[in-house]
*Asks:* 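The structure that follows is given in the form of structure tokens.
Atoms considered below: every heavy atom in the structure, side chains included; atoms not considered: hydrogens, waters and symmetry mates. The structure displayed is predicted, hence computed values, not measured ones. Start at 1 with the first residue, then count along the sequence.
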Amino acid sequence: MSANRSRRMVFCGVALERLELLAAAGTLEELEGRGPTRSVLASHDVPPEESEEADYVAQNLASLDSLALGSGPRVVVAVDAERSAVTVVEESIGRVRLTPFDWSWVTAVFVDEPAALSAVEEARTAMSGSDVRIGEAHQPEAVTLLLEEHPLLWFLPHELPDVLALHR
């Protein structure tokens, strides 16, 4: 979570193909993501004062959102948003909406390394055949393995060409 109370960290899962478009557009009317809501933190046994761990939980949820957006790696954009731009849509699973989304608020881009793609596809298949919603306690085993064994790589926003080059 952002140390500045007028700001709030949001993590948005996006498809790799959309990442470059987001950066080029600069702003969007809205973008959905995940935030470390009280319910999400409680369900993952994370105390609210543990901001780094809270952000990691929200980032993982957003990475799973990106599985539903097409093929390819998980991609997450970390956004240090104006608090007034963040609306909680579904507290229990940390779903939030940014209105507007502004690329200048992006602090990091997270993406799978190429070696993780087979595990990504296994998790994607498991999620598509499951009625469990992302953010609920019990996830398919392939999803748990993906999150435990394949942490996302971290890039600064200006390193976007490097992110895109990983999967071309």
*Asks:* Check Ala58 against Gly35 and note the closest heavy-atom contact, atom names and distance.
*Replies:* CB-C, 3.9 Å
*Asks:* Got a donor-acceptor contact below 3.5 angstrom from the Glu159 side chain to the Leu156 backbone?
*Replies:* yes
*Asks:* Please assess Val79 against Met9 for the test side chain to side chain contact (heavy atoms under 4.5 Å, CB included), listing each intermediate value before the final yes or no.
*Replies:* CA-CA 6 Å; Val79 183; Met9 286 304 298; 5.9 Å; no
*Asks:* Any link between Leu16 and Leu160 through a network of hydrophobic side chains (Ile, Leu, Val, Met, Phe, Trp, Tyr) touching at under 4.5 Å?
*Replies:* yes
*Asks:* Do the side chains of Val89 and Val96 get nearer than 4.5 Å, heavy atoms only?
*Replies:* no
*Asks:* Could you walk me through whether Arg97 and Val86 pass side chain to side chain contact (heavy atoms under 4.5 Å, CB included), step by step?
*Replies:* CA-CA 6 Å; Arg97 181 176 300 117; Val86 180; over 6 Å; no
*Asks:* Glu82 vs Arg8, test: side chain to side chain contact (heavy atoms under 4.5 Å, CB included). Steps then yes/no.
*Replies:* CA-CA 6 Å; Glu82 295 284 343; Arg8 183 167 179 183; over 6 Å; no
*Asks:* Is Trp103 reachable from Leu31 through a run of hydrophobic residues whose side-chain heavy atoms are each under 4.5 Å from the next?
*Replies:* yes
*Asks:* State, with a plain yes or no, whether a side-chain heavy atom of Met127 is found less than 4.5 Å away from one of Val143.
*Replies:* yes
*Asks:* For residues Gly72 and Glu121, report the shortest heavy-atom separation together with the two atoms involved.
*Replies:* N-OE2, 3.7 Å
*Asks:* Do Phe101 and Thr27 have side-chain heavy atoms sitting under 4.5 Å apart?
*Replies:* no
*Asks:* Find the distance between CZ (Phe11) and CG (Asn60) and round it off to the nearest 0.5 Å.
*Replies:* 10.0 Å
*Asks:* Any chance you could measure Glu20, atom CD, to Leu164, atom CG, to the nearest 0.5 Å?
*Replies:* 5.0 Å
*Asks:* Decide yes or no for Pro100 and Glu29: does some side-chain heavy atom of the first lie under 4.5 Å from some side-chain heavy atom of the second?
*Replies:* no
*Asks:* Would you name the heavy atoms of Val109 and Val106 that are closest together and state the gap between them?
*Replies:* CG2-CG1, 4.3 Å
*Asks:* Using the side chain to side chain contact (heavy atoms under 4.5 Å, CB included) rule, take Val76 and Cys12 through it: C-alpha gap first, then chi angles, then the decisive distance, then the call.
*Replies:* CA-CA 5 Å; Val76 175; Cys12 303; 6.0 Å; no
*Asks:* Please tell me whether Leu28 and Leu69 are part of a single hydrophobic cluster in this structure, the criterion being side-chain heavy atoms less than 4.5 Å apart.
*Replies:* no
*Asks:* How far apart are the closest heavy atoms of Ala54 and Leu41, and which atoms are they?
*Replies:* CB-CD2, 3.4 Å
*Asks:* Are the side chain of His44 and the backbone of Ser39 linked by a donor-acceptor contact shorter than 3.5 Å?
*Replies:* no
*Asks:* When you compare the side chain of Phe110 with that of Gln59, does any pair of heavy atoms fall below 4.5 Å?
*Replies:* yes
*Asks:* Does the salt bridge (charged side-chain N to carboxylate O under 4.0 Å, His left out) test come out yes or no for Glu91 and Arg38, once each step is laid out?
*Replies:* CA-CA 8 Å; Glu91 160 72 30; Arg38 284 188 173 89; over 6 Å; no
*Asks:* Going from CZ on Arg34 to CG on Asp55, what distance comes out if it is rounded to the nearest 0.5 angstrom?
*Replies:* 14.5 Å
*Asks:* Taking all non-hydrogen atoms of both residues into account, name the closest pair between Val40 and Gly94 and its distance.
*Replies:* CG2-N, 3.2 Å
*Asks:* Go through the side-chain N and O atoms of Gln139 and Thr144 and say whether any donor and acceptor fall under 3.5 Å apart.
*Replies:* no
*Asks:* Where do Thr107 and Pro157 come nearest, in terms of heavy atoms and distance?
*Replies:* O-CD, 3.5 Å
*Asks:* Atom CZ of Arg74 and atom CG of Leu64: how far apart are they, to the nearest 0.5 Å?
*Replies:* 7.0 Å
*Asks:* Spell out, yes or no, whether Leu98 and Val77 are grouped together once hydrophobic residues are joined by side-chain heavy atoms under 4.5 Å, including indirect joins.
*Replies:* yes
*Asks:* Starting at CG of Leu146, measure out to OG of Ser63 and round the result to the nearest 0.5 Å.
*Replies:* 6.5 Å
*Asks:* Under 4.5 Å between any side-chain heavy atoms of Asp112 and Leu152, yes or no?
*Replies:* yes
*Asks:* When you compare the side chain of Leu117 with that of His167, does any pair of heavy atoms fall below 4.5 Å?
*Replies:* yes
*Asks:* CG/Asp102 to CG/Leu22 distance, rounded to the nearest 0.5 angstrom?
*Replies:* 11.5 Å
*Asks:* Does Leu61 belong to the same Ile/Leu/Val/Met/Phe/Trp/Tyr cluster as Tyr56, with side-chain heavy atoms less than 4.5 Å apart forming each link?
*Replies:* no
